[in-house]
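A short worksheet on the structure shown next.
Start at 1 and go down the list; that is how both ligands and their atoms are numbered.
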Amino acid sequence: MRFENKTIIVTGAGAGIGQASAIRLASEGAHVVCMDIAESREETARLIREDDIGDASAVAYDALDSENVKKVFEDTISAHGRIDGLINCVGAGLPRSALEIDEEAFDKMFDMNVKTTYRACWAVLPHMKEQKGGKIVNFSSVAGRSASVLQGPHYSSSKAAVIGLTRHLAREFGPDNINVNAVAPGVIGTGRILAQMSDEQRKKTEAATPLGRIGAPEDIAGVVAFLASEDARHVTGVTIDVNGGFFLA
Ligand SMILES: NC(=O)c1ccc[n+]([C@@H]2O[C@H](COP(=O)([O-])OP(=O)(O)OC[C@H]3O[C@@H](n4cnc5c(N)ncnc54)[C@H](O)[C@@H]3O)[C@@H](O)[C@H]2O)c1
């Protein structure tokens, strides 16, 4: 029970990796605040409570709306008194080739992946600084390390930006005992990704993965739990690749 008496916010907790992370953190004792724009946030929190996994609450949250992010974080901080961790799972891609993208699409992708991360970090960092501690886990991607096989260049570059943001915050807030790290998943079989993949793409991805399979959201949740825990107390500014060896193929 690494997270007993800890409160951890998971954004994007209504589906996929965010949902799996919320369940994993709750199973180790955290009270998880499941934030999502979709009502499925309620299902995640209900599942955690009703299946006796642990304790969770659900909060409506729009990561693209600065005012909403500020308000929801202020309310959450004052309701719980202390926020020990923030897991920033909101993010999305779009399968496009470079010349299909215009400047508006490029900006939108950065808003979805970089500025959603920025807004949540900025909303929680003053509080973590004051309490002299906290753990933040951001979401990059194998696309931010290399070039995406599924999504466009606006996605790859936005996920590379998350790595830079994570490193910078780690350096600046290390003296406040705040660890800031990121996870770079490979292809993970969430509903969103499975809907985008043809059978052929799936087979190709499996063949290009030394461990021979597409990842599961739970594969990421285990690494998120490590980074959010005291086991990772001396780890900061890193991005952990969780991709079945995709890079090595
Ligand atoms: N699944 C993969 O293969 C994969 C690979 C690399 C990186 N990632 C990254 O991991 C993270 C999670 O991916 P996933 O596949 O679990 O995604 P997902 O689409 O399954 O879940 C994302 C959740 O975010 C929520 N959301 C979307 N817009 C929102 C907004 N404006 N405000 C609040 N919530 C919003 C959605 O409702 C959804 O519940 C993303 O940052 C993604 O880029 C995923």
Report the part of Pro217 (side chain from C-beta onward, or backbone N, CA, C, O) that has a heavy atom under 4.0 Å from ligand 1; answer both or neither where that applies.
neither
May I ask you to identify the nearest protein heavy atom to atom 31 (N) of ligand 1, giving residue, atom name and distance to one decimal place in Å?
Asp62 OD1, 3.1 Å
Pair Gln196-Gln201, side-chain donor/acceptor within less than 3.5 Å
no
With Ile101 as partner, the option from Met109, Lys108, Arg96 fulfilling side-chain contact (heavy atoms from CB on, under 4.5 Å) is Arg96
If you measure from each non-hydrogen atom of Val187 to ligand 1, which part falls under 4.0 Å: side chain, backbone, both or neither?
backbone
Taking Leu25's backbone N and O only, do any of them form a donor-acceptor pair with Glu28's side chain (distance below 3.5 Å, no angle check)?
no
Report the distance from atom CD of Glu206 to atom CG of Leu211, rounding to the nearest 0.5 Å.
12.0 Å
Students often mix this up, so state it plainly: with edges at 30° and 60°, are the rings of Phe110 and Phe106 parallel, tilted or perpendicular?
parallel
For Gly16, the ligand 1 atoms whose distance to one of its heavy atoms is below 4.0 Å:
16 (O), 20 (O)
Is a side-chain N or O of Ser229 found less than 3.5 angstrom from the main chain of Phe226, in a donor-acceptor match?
yes
For ligand 1, is Gln19 a contact, meaning one of its heavy atoms is under 4.0 Å away?
no
Using side-chain contact (heavy atoms from CB on, under 4.5 Å), reason through Asn181 and Ile136 one step at a time and then give a plain yes or no.
CA-CA 6 Å; Asn181 292 295; Ile136 296 178; over 6 Å; no
What atoms of ligand 1 come within less than 4.0 Å of a heavy atom belonging to Ile193?
1 (N), 2 (C), 3 (O)
For atom 16 (O) of ligand 1, what's the nearest protein heavy-atom neighbour? Residue, atom name and distance, please.
Ile17 N, 2.8 Å
Close N or O approach (Ile188, ligand 1; < 3.5 Å)
yes
Side chains of Asn88 and Asn138 only: does a donor on one sit below 3.5 Å from an acceptor on the other?
yes
Rounded to the nearest 0.5 angstrom, the CD1-OG distance for Ile87 and Ser21 is 7.0 Å
With atoms numbered from 1 as shown, which atoms in ligand 1 lie under 4.0 angstrom from a non-hydrogen atom of Leu64?
31 (N)
Gly14 neighbourhood, listing ligand 1 atoms whose heavy-atom distance to it stays under 4.0 Å
39 (O)
Option nearest atom 14 (P) of ligand 1 (shortest heavy-atom distance, choices Gln151, Met35, Arg192)
Arg192
Please confirm whether Gly189 comes under 4.0 Å of ligand 1, counting heavy atoms of the residue only.
no
Within a radius of less than 6.0 Å around CZ of Arg49, do more than 12 heavy atoms belonging to other residues, nucleotides or ligands occur?
yes
Please write down residue, atom name and distance for the protein heavy atom closest to atom 4 (C) of ligand 1.
Gly186 O, 4.0 Å
So is Gly93 close enough to ligand 1, meaning a heavy atom under 4.0 angstrom away?
no
Between the candidates Asp36, Thr190, Ile87, Val10, which shows the shortest non-hydrogen contact distance to atom 26 (N) of ligand 1?
Asp36
Give the contacting part of Lys159 toward ligand 1: side chain, backbone, both or neither, where contact means a heavy-atom distance below 4.0 Å.
side chain
So the atoms of ligand 1 within less than 4.0 Å of a heavy atom of Tyr155 turn out to be 6 (C), 7 (C), 8 (N), 42 (C), 43 (O)
Is it true that Gly215 lies under 4.0 Å from ligand 1, counting heavy atoms only?
no
Return the closest protein heavy atom for atom 30 (C) of ligand 1 as residue, atom name and distance.
Ala63 N, 3.7 Å
Identity and distance of the protein heavy atom lying nearest atom 40 (C) of ligand 1:
Cys89 O, 3.3 Å
Check each atom of ligand 1 against the heavy atoms of Ala38 and keep those under 4.0 Å away; list them by number with element.
37 (O)
Donor-acceptor contact below 3.5 Å, side chain Asp176 vs main chain Ile178
no
What's the shortest distance from atom 27 (C) of ligand 1 to any protein heavy atom, and which residue and atom give it?
Met112 CE, 3.7 Å
To check your reading of the model: name the closest protein heavy atom to atom 10 (O) of ligand 1, its residue, and the distance in Å.
Phe139 CD2, 3.4 Å
A student checking ligand 1 against Ser140 at a 4.0 Å heavy-atom cut-off should list atoms 7 (C)
Quick look: Arg41 vs ligand 1, heavy-atom contacts under 4.0 Å, and the answer is neither
Pull out every atom of ligand 1 sitting under 4.0 Å from any heavy atom of Tyr61, numbered as shown with elements.
32 (N), 33 (C)
Greater than 12 external heavy atoms within 6.0 Å of Glu130's CD:
no
Is the closest N or O pair between Ile37 and ligand 1 shorter than 3.5 Å?
yes
Intermediate values then yes/no, side-chain hydrogen bond (donor to acceptor under 3.5 Å, both in side chains), Asn179 and Thr236:
CA-CA 5 Å; Asn179 303 58; Thr236 199; 4.8 Å; no
Atom 24 (O) of ligand 1: the protein heavy-atom neighbour that sits closest, reported with distance to 0.1 Å:
Gly12 CA, 3.5 Å
